[in-house]
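Just so you know, these numbers use all the heavy atoms, side chains as well, and skip hydrogens, waters and symmetry mates.
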Amino acid sequence: MKTISIVGAAAILHASAAAQVTVMTTEQFDYMPPALLENQAGGTGWVDSWGHPVGNGNEVVVFDPSVNPPMPCRDAVGNYAGQAQEFFAIARTPSQVGQLSVVENGKFGADGAIIWFSFRTQMYQQFFGPSGSFGALQLFDTASPNAEQLLLGSPFSSSNFEWGWDDDAGTGFPPVSDPNTDASVCARLVFRIDHLPGNERIRMWVDPVADFPALEAPNLDSFISDLRWDQIRLNSGGNGTHFFWDDIIIARGEPLAGIGTSYCGPAVVNSSGQSGEIIATGSTIATDNNVLLTASGLPQTSFGFFLTSLTTGFVVGPGGSQGNLCLGGNIGRYVGTGQIQNSGLLGTFSLGLNLNATPTPTGFVTIMAGETWNFQSWFRDAVGGSATSNFTDGVTVNFQ
C-alpha cells in the first residue's frame, strides 16, 4: 500500500501541462570493469568527468555483475557503480546548456521549473547492525557554505533502511521516508520536484509503471525548502552499508499533455491569491474511458466538485459566488460517493471520470465519439472571513 506524507504548507502555482518530459542528463555506467569510476566521462549532458569532491579516495568503482554482487534491477546494458569503501563520495556536474528554463543565477531550480531524478539503487552490504546509515544521490550547491542541499534515496536513520529524502539545506524539513519500502530491495526511484516561490513540492515513486508518472499516486508527497544546486554526488556510509547505482536520468517538464482546450480564463482570483485552473489529461478516445480532471490553484483544505455540460456559458457570480460559471444548458454535477473532493494542503484535487456514467440533471449518460463536453470545478472559498464559493476556468474536450 502506498503512503502519502504531507509536512508543511506552501502556495502552489500550477504549471500548465507541456507536451513531454525532456531528458537533460544520463549516466548508465557502461564502462569496462574492473575500473574506478573516477575520470570516467560517459553518459550525456555533463560538463566534466566523475571526480572526488574531497579527499583522494578511489573507492567508487564499476562493478562486473558476473564477478561482483549482482544488482537485480540494473538496466539491460552494461554495468553499474558502487562503493568499495563507505563515505567516499564521487561527483559530477550536469550541463546547463539548453536548460535555461530551469536555471536561475547559475543554479538548477528556477521558480516554475519541474525537475525529475530517476535512478536504480540498492543497499547491497551491511557488515554490522542497522545504526546510522544512508545511501543516496545527493544534490549540492558548490558555492554554498552549507553545500549539501538534498539527499535522494535512503536517509540517515538509526533503525530503518527506507526510501525517501532528507532536506539538508540547513533550515530544511526533517527526513521523510516510506515505512513500506526496504532499501535492501533493488528499486528504481523517481523523484519529481516542483520549484515554487518559497518551499518546493517533492514527490517520490518506487518502481513506477511510467518513466515519469502522471497518473500514478506517489509513495510520498511533501515539501522541502527552497532548492538550488549545480552538482550531484553518489555517497553512502555508516556501519559498512554500501549502495549500488545505475541508470541515472535527470529531466525537466510535465509528463503528459493536457487534452482539450482551456477557455473562460483566467478565473477570478480566489483566497489563495491565485486563479483556479482545470486541466484534463488522458485520452480523447471515448471508448478508452481514460480522463482525469485536475483542479489546482485552490485555497487549502477547500471542498469542491466538478461540473460538466454539453454547452458552454457565462454567468457572473451565480448564487453569490465570487467566480463565474462557464457552463450552460443542462449541467451535471460529480457529487456521487467519493466525488466531492478536498484540496488539502496542496490546493489541488483530481477525479478520474467514468465516461459511461456522466452526470446530467436527468440521470447518467455515456459520452460518445463525436461529442464535445465541457468541464469546470466549483469550490468553497472565503472573502474577509465570510464563506463564499468560486470557480476554476473551463476546459472543452472533443471526444473521438
With a 4.5 Å cut-off on side-chain heavy atoms, are [Y] and [X] touching?
X      : Y      : result
Phe306 : Ile278 : yes
Ile259 : Val291 : yes
Val190 : Arg192 : no
Leu234 : Ile248 : yes
Asp246 : Phe29  : yes
Phe349 : Ser377 : yes

Rounded distance (nearest 0.5 Å) linking atom [atom1] of [X] with atom [atom2] of [Y]:
X      : Y      : atom1 : atom2 : value
Asp393 : Asn324 : CG    : CG    : 11.0 Å
Gln28  : Arg120 : CD    : CZ    : 9.5 Å
Asn330 : Leu327 : CG    : CG    : 11.5 Å
Ser118 : Leu189 : OG    : CG    : 8.0 Å
Ile224 : Ile202 : CD1   : CD1   : 4.5 Å
Tyr31  : Leu36  : OH    : CG    : 12.5 Å

- Item | Ring geometry between Trp378 and Phe391 (parallel below 30°, tilted from 30 to 60°, perpendicular above 60°) |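 Because their plane-to-plane angle is under 30°, the rings of Phe391 and Trp378 count as parallel.
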- Message: For Trp205, run the ring pair (Phe, Tyr, Trp, His ring centres under 6.0 Å) check against Phe212, Trp163, Trp116 and tell me which one passes.
- Response: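 That would be Trp116; it is the only one of Phe212, Trp163, Trp116 passing the ring pair (Phe, Tyr, Trp, His ring centres under 6.0 Å) with Trp205.
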Spell out, as yes or no, whether a donor-acceptor pair under 3.5 Å connects the side chain of [X] to the backbone of [Y].
X      : Y      : value
Gln138 : Leu150 : no
Gln274 : Asn270 : no
Asp167 : Phe173 : yes
Glu371 : Met368 : yes
Trp46  : Thr26  : yes
Asn390 : Phe379 : no
Arg92  : Asp48  : yes
Ser275 : Ala267 : yes
Ser154 : Glu162 : yes
Ser309 : Gly328 : yes

- Message: Cation-pi check for Tyr80 against Arg74: NZ or CZ below 6.0 Å from the six-membered ring centre and within 45 degrees of the axis, yes or no?
- Response: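 Ring-cation test returns no.
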[X] and [Y]: side-chain donor and acceptor closer than 3.5 Å?
X      : Y      : answer
Ser296 : Thr348 : no
Thr372 : Asn398 : yes
Gln376 : Thr392 : no
Ser225 : Asn199 : no
Ser271 : Asp381 : yes

How close do [X] and [Y] get, heavy atom to heavy atom, and via which atoms?
X      : Y      : value
Pro359 : Thr308 : O-CG2, 3.7 Å
Arg188 : Asp211 : NH1-O, 3.6 Å
Asp111 : Arg228 : OD1-NH2, 3.5 Å
Trp50  : Ile232 : CH2-CD1, 4.0 Å
Thr301 : Ser343 : N-OG, 3.1 Å
Phe375 : Leu293 : CD2-CD1, 3.7 Å

- Residues Asn235, Phe134; criterion side chain to side chain contact (heavy atoms under 4.5 Å, CB included); working and verdict: CA-CA 8 Å; Asn235 195 10; Phe134 71 96; 3.7 Å; yes
- Message: Test side chain to side chain contact (heavy atoms under 4.5 Å, CB included) on Leu325 and Leu307; report intermediate values, then the result.
- Response: CA-CA 10 Å; Leu325 176 65; Leu307 307 170; 4.0 Å; yes
- Message: Which residue in the set Leu227, Leu151, Asp230, Ile115 passes side chain to side chain contact (heavy atoms under 4.5 Å, CB included) when paired with Leu139?
- Response: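 So, applying the side chain to side chain contact (heavy atoms under 4.5 Å, CB included) to Leu139 and each of Leu227, Leu151, Asp230, Ile115, only Leu227 qualifies.
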- Message: Other residues, nucleotides and ligands only: do more than 12 of their heavy atoms fall within 6.0 Å of CZ on Arg333?
- Response: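 12 or below, so no.
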- Report yes or no: do Tyr334 and Leu310 belong to one cluster of Ile/Leu/Val/Met/Phe/Trp/Tyr joined by side chain heavy-atom distances under 4.5 Å?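 Yes, it is one cluster - the side chains of Tyr334 and Leu310 are joined through contacts under 4.5 Å.
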- Task: Please lay out, stage by stage, how Tyr124 and Met71 fare under the test side chain to side chain contact (heavy atoms under 4.5 Å, CB included).
- Result: CA-CA 8 Å; Tyr124 74 98; Met71 182 184 186; over 6 Å; no
- Candidates Lys107, Gln231, Gln149 - the one meeting side-chain hydrogen bond (donor to acceptor under 3.5 Å, both in side chains) with Asp141: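 For Asp141, the side-chain hydrogen bond (donor to acceptor under 3.5 Å, both in side chains) test succeeds with only one of Lys107, Gln231, Gln149, which is Lys107.
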- Item | From Asp288, Asn290, Asn289, residue fulfilling side-chain hydrogen bond (donor to acceptor under 3.5 Å, both in side chains) relative to Ser283 |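 Of the listed options, the one satisfying the test is Asp288.
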- Task: Just jot down the ring-ring contact (aromatic ring centres under 6.0 Å, His included) partners of Phe191, sequence neighbours excluded, or say none.
- Result: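 Result, ring-ring contact (aromatic ring centres under 6.0 Å, His included) vs Phe191: none returned.
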- May I have the step-by-step check of side chain to side chain contact (heavy atoms under 4.5 Å, CB included) for Leu152 and Phe117, ending in yes or no? CA-CA 9 Å; Leu152 303 174; Phe117 300 87; 3.9 Å; yes
